[in-house]
Amino acid sequence: MRVLVDTDVWLDVALGRDGHDASLAALYGCIDDGIIMTAAATTLRDAFTIASAADGCTIAYEMLERLMALAEILSVDSIVCRSGLQLRLSSYGDSIIAACARTENIDLVITRNTEPFLSLGIPASTPDEFIEELGFTAIDLGAL
C-alpha cells in the first residue's frame with residue numbers, strides 16, 4: 001500500500017502541534033505495517049517555509065532530511081500542475097496533492113481535510129481514521 005501524506009500531517013509532526021498526536025501515530029503506523037509513505041515535492045517547500053519561520057533554517061533543513069528519509073518524494077511536474085489546475089479545488093495545494101495521488105496511483109491520502117479528495121473519488125482518511133483502520137487506538141499524549 002502507498003499512502004500520500006498531506007503537508008498538514010507532516011507539519012503536525014515536524015512542528016509538534018498540540019492536539020495532533022494522531023498524525024504522529026499515523027506515521028508510526030505506516031512504518032510498523034510496512035506501508036510506503038509518500039509526499040508531494042511541494043510539501044518539502046511548504047514545510048521548509050513554515051518550519052524555518054517558526055524554528056530557523058537549520059531546524060527546517062533537519063526536518064526535511066527526516067521527511068525525505070521516511071517518504072518517497074513524488075514529482076510535481078507540468079502534468080501534475082496542469083491536472084491540479086483542472087480540478088479547481090478551493091485550495092490549489094489540495095489540487096496538487098489530488099493530482100499527485102491520481103498520477104502516482106496512490107491508494108490513500110492521509111490528511112486532516114478529507115472532503116476535497118473524497119469529492120473527487122480519491123480515498124482519503126484523517127490520521128485518526130487511518131490509525132483506527134490499522135487497528136490502533138488514538139491516545140492524547142498531552143494527557144499522559
Side-chain angles (χ1 to χ4, degrees), residues 1-57 59-77 80-81 83-144:
M1 174 180 223
R2 290 176 73 219
V3 299
L4 197 166
V5 181
D6 197 2
T7 305
D8 57 357
V9 176
W10 287 113
L11 285 169
D12 292 343
V13 173
L15 299 177
R17 291 177 172 165
D18 288 339
H20 295 288
D21 299 324
S23 295
L24 180 60
L27 297 185
Y28 281 131
C30 287
I31 294 167
D32 287 348
D33 281 18
I35 295 168
I36 298 168
M37 287 187 287
T38 68
T42 52
T43 294
L44 297 174
R45 185 211 56 230
D46 295 344
F48 181 85
T49 300
I50 293 167
S52 65
D55 296 323
C57 288
I59 299 295
Y61 277 116
E62 290 170 359
M63 183 251 330
L64 290 185
E65 288 173 352
R66 287 191 303 275
L67 191 158
M68 292 175 74
L70 290 171
E72 171 190 339
I73 306 303
L74 305 178
S75 294
V76 176
D77 58 11
V80 170
C81 290
S83 295
L85 188 62
Q86 291 175 350
L87 295 175
R88 302 282 183 189
L89 294 174
S90 62
S91 161
Y92 185 62
D94 285 345
S95 293
I96 291 294
I97 298 296
C100 251
R102 285 183 167 174
T103 301
E104 295 285 342
N105 297 311
I106 294 297
D107 298 303
L108 180 74
V109 174
I110 301 174
T111 182
R112 281 193 276 121
N113 182 16
T114 60
E115 190 278 324
F117 305 101
L118 296 174
S119 73
L120 296 170
I122 297 170
S125 294
T126 65
D128 283 321
E129 293 166 343
F130 182 69
I131 60 173
E132 188 175 303
E133 289 167 15
L134 291 177
F136 297 112
T137 303
I139 60 167
D140 179 3
L141 297 177
L144 297 179

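Side-chain contact between Glu129 and Thr114 is present, with heavy atoms from C-beta onward closer than 4.5 Å. Proximity of Thr111 to Ile97: side-chain heavy atoms (C-beta onward) are nowhere separated by under 4.5 Å. In this structure, the side chains of Leu67 and Phe48 stay at 4.5 Å or more apart for every pair of heavy atoms. Within the 4.5 Å cutoff, no side-chain heavy atoms of Ser125 are placed close to those of Phe117. Leu108 is not listed as a side-chain neighbour of Ile35, based on a closest heavy-atom distance of 4.5 Å or more. Within the 4.5 Å cutoff, no side-chain heavy atoms of Arg112 are placed close to those of Asp6. Looking at heavy atoms from C-beta onward, Thr103 lies out of side-chain contact with Asp77 at the 4.5 angstrom threshold. Side-chain contact between Glu72 and Leu74 is present, with at least one heavy-atom pair separated by less than 4.5 Å.
Leu4 contributes atom CG, which lies 12.5 Å from atom CD1 of Ile36 (distance to the nearest 0.5 angstrom). In this structure, CG in Leu11 is found 5.0 Å from CZ in Arg17, a value given to the nearest 0.5 Å. Atom CG of Asn113 is separated from atom OG of Ser91 by 8.5 Å, given to the nearest 0.5 angstrom. Taken from CD in Gln86 to SG in Cys81, the straight-line distance is 12.0 Å, to the nearest 0.5 Å. For the atom pair CH2 (Trp10) and CD1 (Ile50), the distance works out to 15.0 Å, reported to the nearest 0.5 Å. For the atom pair Thr38 OG1 and Arg2 CZ, the distance stands at 6.0 Å (nearest 0.5 Å).
Across Cys100 and Ala40, no two heavy atoms sit closer than the pair SG-CB, 4.0 Å. A pairwise comparison of heavy atoms in Val109 and Ala101 identifies CG2-CB, 3.9 Å as the closest pair. Heavy-atom minimum distance, Val80 versus Ile96: CG1-O, 4.0 Å. In terms of heavy-atom proximity, Pro116 sits nearest to Asp94 at CG-OD2, 3.6 Å. Among all heavy-atom pairs drawn from Arg88 and Ser95, the shortest one is N-OG, 4.2 Å. The shortest non-hydrogen separation linking Leu134 to Cys30 is CD1-N, 4.3 Å.
Atom OH of Tyr61 sits in a sparse spot, with 12 or fewer heavy atoms from other residues, nucleotides or ligands closer than 6.0 Å. Remark: Met1 CE is packed, more than 12 non-hydrogen atoms of other residues, nucleotides or ligands lying under 6.0 Å away.
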Side chain to side chain contact (heavy atoms under 4.5 Å, CB included) for Asp55 and Met63? Distances and angles first, verdict last. CA-CA 10 Å; Asp55 296 323; Met63 183 251 330; over 6 Å; no
For Leu70 and Val5, run side chain to side chain contact (heavy atoms under 4.5 Å, CB included): C-alpha distance rounded to whole Å, both residues' side-chain angles, the deciding distance at 0.1 Å, then the answer. CA-CA 11 Å; Leu70 290 171; Val5 181; over 6 Å; no
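Listed by first then second residue, pairs satisfying side chain to side chain donor-acceptor pair (under 3.5 Å) with a partner in residues 40-54 read Thr7-Thr43, not counting sequence neighbours.
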